[in-house]
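Below is one structure, written out as structure tokens, with a few remarks after it.
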Amino acid sequence: METIGKIKSISRDIGTSRIILSFEIEEVPAEELQRLSEAGKLTIKAAKYRKHRSLDANAYFWALCGRIAEALGSDKWTVYIELLSRYGQYTHVVCRPEVVGKVKQEWRATEELGPVTVNGQQGIQLRCYIGSSNYDTREMSVLIDGTVSEAKELGIETLPPEEVERLKHEWNQVNPDG
């Protein structure tokens, strides 16, 4: 179950010294609460609330990926990765050679930059691209603008600039933290 709420109280059990959190949450179906109460131990995750970005802006981005892929005789995923490498967010990671494969599985896309030595240890440096689903408003806006520019260069019809701005504005309303 995932829902929106806030911490109502925090206390400590005097006997066990364990923390007791009390949450106030939005309405949840009674059968869901019953199922959770009978589950015993639970995995609990609390994170800062963040509204999801506009699906219209995301849908437009993916539609352009599809059109660019058609124009290039490619596929959406390849175009997506290429656009991430040009306009997206990434970080550099250095890892032991034997775990390169596992590290690559954790990221949307990676690029091996080659061997490096850190503190006398051999490693492989990777550029790891963060998937657009984790972007804030500014980051996704850069990705969309770059994608629109590339589509235009290929002669692909795009939305008028004011419509793209409307999508980004709506998205900013949905995700004001970004």
Side-chain angles (χ1 to χ4, degrees), residues 1-4 26 43 45-178:
M1 173 185 84
E2 187 172 315
T3 189
I4 298 169
E26 293 181 351
T43 298
K45 177 183 176 184
K48 182 179 177 186
Y49 175 68
R50 184 174 169 194
K51 292 182 181 178
H52 297 288
R53 64 175 190 263
S54 163
L55 291 179
D56 287 339
N58 193 44
Y60 182 58
F61 166 70
W62 278 101
L64 285 179
C65 283
R67 292 184 198 139
I68 291 170
E70 273 182 37
L72 297 175
S74 186
D75 61 90
K76 260 194 216 187
W77 185 255
T78 301
V79 168
Y80 170 73
I81 299 302
E82 186 62 33
L83 291 169
L84 282 186
S85 73
R86 291 183 188 155
Y87 308 106
Q89 300 297 307
Y90 63 86
T91 189
H92 287 114
V93 173
V94 175
C95 60
R96 294 187 322 266
E98 63 271 15
V99 297
V100 167
K102 287 189 183 279
V103 172
K104 285 182 173 186
Q105 291 173 352
E106 297 297 318
W107 292 89
R108 183 65 76 204
T110 60
E111 182 182 342
E112 277 194 47
L113 301 178
V116 294
T117 303
V118 179
N119 296 329
Q121 300 283 326
Q122 282 288 66
I124 304 294
Q125 184 175 18
L126 303 171
R127 180 175 292 140
C128 301
Y129 293 96
I130 299 164
S132 62
S133 61
N134 294 304
Y135 286 8
D136 64 22
T137 301
R138 182 194 59 77
E139 293 164 342
M140 189 65 173
S141 185
V142 169
L143 183 61
I144 289 173
D145 288 344
T147 303
V148 166
S149 175
E150 297 226 1
K152 285 180 179 178
E153 286 179 22
L154 291 168
I156 296 168
E157 187 175 337
T158 62
L159 291 174
E162 60 275 3
E163 183 66 11
V164 173
E165 287 306 312
R166 181 192 65 76
L167 289 175
K168 289 192 272 185
H169 176 74
E170 282 180 5
W171 175 13
N172 192 39
Q173 298 300 318
V174 172
N175 186 7
D177 293 336

For L83 versus I68, what's the shortest heavy-atom pair and its separation?
CD1-CD1, 4.5 Å

Can you give me the closest heavy-atom contact between L154 and A71, atom names plus distance?
CD1-CB, 4.5 Å

Parallel, tilted or perpendicular for Y80 and W77, by the 30°/60° rule?
tilted

Look up atom NZ in K102 and atom CD in Q105, then write down how far apart they are to the nearest 0.5 Å.
6.5 Å

Do side-chain atoms of S85 reach the backbone of E82 as a donor and acceptor pair under 3.5 angstrom?
yes

Going by heavy atoms in the side chains, are K168 and D145 under 4.5 Å from each other?
yes

Side chain proximity check, I124 to V93, heavy atoms < 4.5 angstrom:
no

Just by distance, do the side chain of Y60 and the backbone of L159 share a donor-acceptor pair under 3.5 Å?
yes

To the nearest 0.5 Å, what is the distance between CD (E112) and CD (Q125)?
11.0 Å

Any donor and acceptor pair, going by atom type alone, linking the side chain of E150 with main-chain N or O of T147 inside 3.5 Å?
no

Just wondering, more than 12 heavy atoms not from E162 lying within 6.0 Å of its CD?
yes

Between CD on residue E111 and NZ on residue K104, distance to nearest 0.5 Å
10.0 Å

Is there a side-chain contact between I130 and W107 in this structure, where contact means two heavy atoms from C-beta onward sitting under 4.5 Å apart?
yes

Of all the heavy-atom pairs spanning E157 and R67, show the shortest one and how long it is.
O-NH1, 3.7 Å

Using a cut-off of 6.0 Å, state whether more than 12 heavy atoms not belonging to E98 lie near its atom CD.
yes

Say whether, by atom type as modelled, one donor and one acceptor occur between the side chain of Y135 and the main chain of G88 under 3.5 angstrom.
no

Can you find a pair of side-chain heavy atoms, one from L126 and one from V103, that are under 4.5 Å apart?
yes

Show your reasoning for whether side chain to side chain contact (heavy atoms under 4.5 Å, CB included) applies to N58 and I144.
CA-CA 9 Å; N58 193 44; I144 289 173; over 6 Å; no

Just so I know, are the side chains of D136 and E139 near enough to count as touching, which here means a heavy-atom distance under 4.5 Å?
yes

Nearest 0.5 Å, what's the OG-CH2 distance between S132 and W62?
6.0 Å

Going from OG on S141 to CD on E165, what distance comes out if it is rounded to the nearest 0.5 angstrom?
6.5 Å

Working to the nearest 0.5 Å, report the span between SG of C128 and CG of L113.
8.5 Å

Determine the minimum heavy-atom distance between K76 and A69, stating which atoms define it.
N-CB, 3.7 Å

Heavy-atom closest pair (V94 atom, G123 atom, distance to 0.1 Å) is CG1-CA, 4.3 Å

